[in-house]
Amino acid sequence: MKRLVLHIGHSKCASSTLQGYLTKNPILDKIGENKGVVRYIATNMAGKIIQGEAMMQAALVGNVFDFTLSDSDLLSNPALFASVLSQIAQISGPDDTVVLSSEAWGNDSFVTPKVHQILNSAPLPIDVFMLTRPAVDWVNAAWWQWGAWMDAPSIDALTPINFLKVINAWRQISRVENICVHDISQGPIPTFLDFVGAIGPAQDTRLNVATDYDLLRHLIRNRAHYGRNSANPTVEFQLNGLILGQRRPLPIVVSRPVAQAMIRRDQADNAALVALFQRSGHPIAPDVIHRYLDPSAYDHLPEQVDIAASFDADYADGFVKSIMDALLATQVKASAFDAIQTFDPVRYLTIHPDVRAAGMNPYEHFMRFGIQEGRKTQ
């Protein structure tokens with residue numbers, strides 16, 4: 001192993017998008033090098049790792065996000081860290097780049113003296129990759145994942161992260177040699193591939209797990225019926241697959257005065273953050289820069305926000321239509337239902353190597369395409 005890359009994820013900053021991509025493509029070829037690959041490794045609290053073909057197979061027959069998160073304790077538990085590095089060294093070539101990821105590593109209180117000590121004892125240099133987003137955008141996305149489920153929804157408890165503070169904390173670790181930071185609008189996958197020096201397939205747009213607006217409203221307005229009182233990204237990711245057509249963006253529930261205060265709070269630090277984006281070689285749109293630095297970027301927002309109004313609009317017909325269109329498009333017949341009862345996902349991938357090569361979930365492929373194409377299941 002030649003290089004260790006830590007993806008310092010943070011909630012609502014495309015962590016699942018990148019982790020989902022790496023789960024489906026856990027071994028990437030390097031650019032311009034004859035030796036070595038980029039390996040994505042996941043681990044659990046017991047120190048068991050999953051990688052390569054095993055990770056791909058697990059993702060194909062299950063949910064990719066069940067196999068992506070390296071536990072946050074990995075970097076604060078000396079024995080666990082040493083064990084995982086030892087296992088990684090056994091499976092890695094001398095020129096390999098190894099990638100670990102966790103959404104928790106981007107929390108502003110994560111880098112403790114113990115984390116310093118453990119990482120500074122690493123047997124090789126460490127590089128850090130991080131994705132961010134503007135403060136108001138982050139608070140809005142976080143509210144729709146968590147706050148929208150509250151009986152008395154409020155944005156008061158959602159304080160935007162100071163990403164420069166997080167980056168500077170990681171800079172203090174002497175073993176960290178390079179830190180790469182991008183706004184998510186610059187592209188989570190292209191910026192990551194560029195940083196690790198690898199090539200890979202195009203991003204599957206379904207890896208974005210942000211819940212469809214109409215789906216979210218439907219679930220929240222029918223919490224008692226579904227027995228759900230909080231967000232469940234895994235379930236919502238699967239349901240999102242049934243939503244056809246253009247997905248609508250989530251409305252902004254932050255008022256103009258609150259948005260302006262958020263931007264002013266960390267304006268100087270965000271100017272330094274934007275400078276990092278601009279030096280990266282990946283374009284960043286002027287309007288994104290304004291959302292980091294300019295309080296007037298949100299002048300179009302109302303003085304006060306009626307959050308309840310976001311749930312009152314008549315949307316049912318369109319929402320149900322999108323579900324029905326998806327179900328009718330499968331053209332499921334009685335024989336197909338019989339086939340599903342004995343469906344063997346591993347066998348399906350063996351019979352149809354093109355499906356396996358495409359990285360699609362076998363159940364999803366059979367329902368969406370295999371039935372219409374007359375694909376065999378046994």
Side-chain angles (χ1 to χ4, degrees), residues 3 5-7 9 13-42 50-70 91-93 95-101 103 127 129-131 180 182-210 233-234 237-238 240-241 244 247 280-283 345-346 348-370 373 375:
R3 181 186 182 197
V5 174
L6 301 180
H7 167 225
C13 290
S15 295
S16 296
T17 296
L18 180 56
Q19 292 163 345
Y21 178 86
L22 292 174
T23 300
K24 289 190 171 185
N25 305 281
I27 299 178
L28 298 166
D29 292 325
K30 289 185 178 181
I31 296 174
E33 297 188 31
N34 295 324
K35 296 181 179 179
V37 296
V38 175
R39 294 182 180 274
Y40 177 56
I41 307 290
I50 182 170
Q51 58 92 33
E53 185 72 17
M55 182 179 288
M56 294 175 66
Q57 287 291 336
L60 284 171
V61 299
N63 186 314
V64 296
F65 302 107
D66 290 338
F67 311 98
T68 56
L69 294 179
S70 301
I91 62 175
S92 301
D95 294 303
D96 286 357
T97 293
V98 171
V99 180
L100 297 171
S101 170
E103 189 170 282
D127 290 344
F129 179 82
M130 188 171 186
L131 295 164
C180 176
H182 290 281
D183 179 81
I184 60 174
S185 68
Q186 294 174 283
I189 308 306
T191 54
F192 174 81
L193 292 176
D194 184 54
F195 181 61
V196 298
I199 56 175
Q203 175 184 338
D204 184 344
T205 57
R206 291 169 299 168
L207 291 176
N208 189 335
V209 297
T234 298
F237 170 76
Q238 294 169 333
N240 280 337
L244 299 180
R247 294 172 60 185
S280 70
H282 288 264
V346 176
Y348 189 77
L349 294 174
T350 301
I351 298 174
H352 308 294
D354 59 315
V355 179
R356 177 176 175 178
M360 286 196 67
N361 183 296
Y363 292 102
E364 179 184 359
H365 184 277
F366 179 62
M367 290 297 295
R368 296 183 64 187
F369 308 110
E373 295 170 2
R375 298 253 187 171

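Here the structure is a predicted model, which means the values were calculated and not measured.
Residues Asn25 and Pro201 are in side-chain contact: their nearest non-hydrogen atoms beyond the backbone lie under 4.5 Å apart. Side-chain atoms of Thr191 and Leu131, non-hydrogen and from C-beta on, do get closer than 4.5 Å to each other. Side-chain contact between Arg39 and Thr97 is absent, with no heavy atoms from C-beta onward closer than 4.5 Å. Within the 4.5 Å cutoff, no side-chain heavy atoms of His182 are placed close to those of Phe195. Side-chain contact check for Val99 versus Val38: some heavy-atom pair is nearer than 4.5 Å. No side-chain heavy atom of Gln186 sits under 4.5 Å from any side-chain heavy atom of Pro283. Contact of the Arg375 side chain with the His352 side chain is registered, since non-hydrogen atoms from C-beta on lie closer than 4.5 Å. Under the 4.5 Å side-chain criterion, counting only non-hydrogen atoms from C-beta, Gln51 is not in contact with Pro26.
Asp183 places a side-chain N or O within donor-acceptor distance of the main-chain N or O of Ser185, the cut-off being under 3.5 Å. Proximity of a side-chain donor or acceptor of Lys24 to a complementary backbone N or O of Met360 within less than 3.5 Å is not detected. Judged purely by atom type and a 3.5 angstrom limit, Asp96 uses its side chain to pair as donor or acceptor with the backbone of Val37.
Taking each heavy atom of Ser101 and Gln19 in turn, the nearest pair found is OG-NE2, 2.8 Å. When every heavy atom of Ser92 is checked against every heavy atom of Val98, the shortest pair comes out as OG-CG2, 3.6 Å. Between Leu28 and Ile199, the closest heavy-atom pair is CD2-O, 3.6 Å. Pairing each heavy atom of Ile189 with each of Thr17, the nearest pair is CD1-O, 4.2 Å.
Here the straight-line distance linking atom CD1 of Ile184 with atom CG of Leu18 works out to 12.0 Å at 0.5 Å rounding. Put simply, OG on Ser16 and CD on Glu103 are 6.0 Å apart, with the number rounded to the nearest 0.5 Å. The distance from atom OG1 of Thr23 to atom OH of Tyr40, rounded to the nearest 0.5 Å, is 4.5 Å.
By the salt bridge (Lys or Arg N to Asp or Glu O under 4.0 Å) test, Asp194 is found to be paired with no residue, residues two or more places apart in sequence or in another chain being considered.
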Full working for side chain to side chain contact (heavy atoms under 4.5 Å, CB included) between His7 and Ser15 = CA-CA 9 Å; His7 167 225; Ser15 295; 3.9 Å; yes

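Ring orientation note: the planes of Tyr348 and His365 are tilted relative to one another, at an angle of 30° to 60°.
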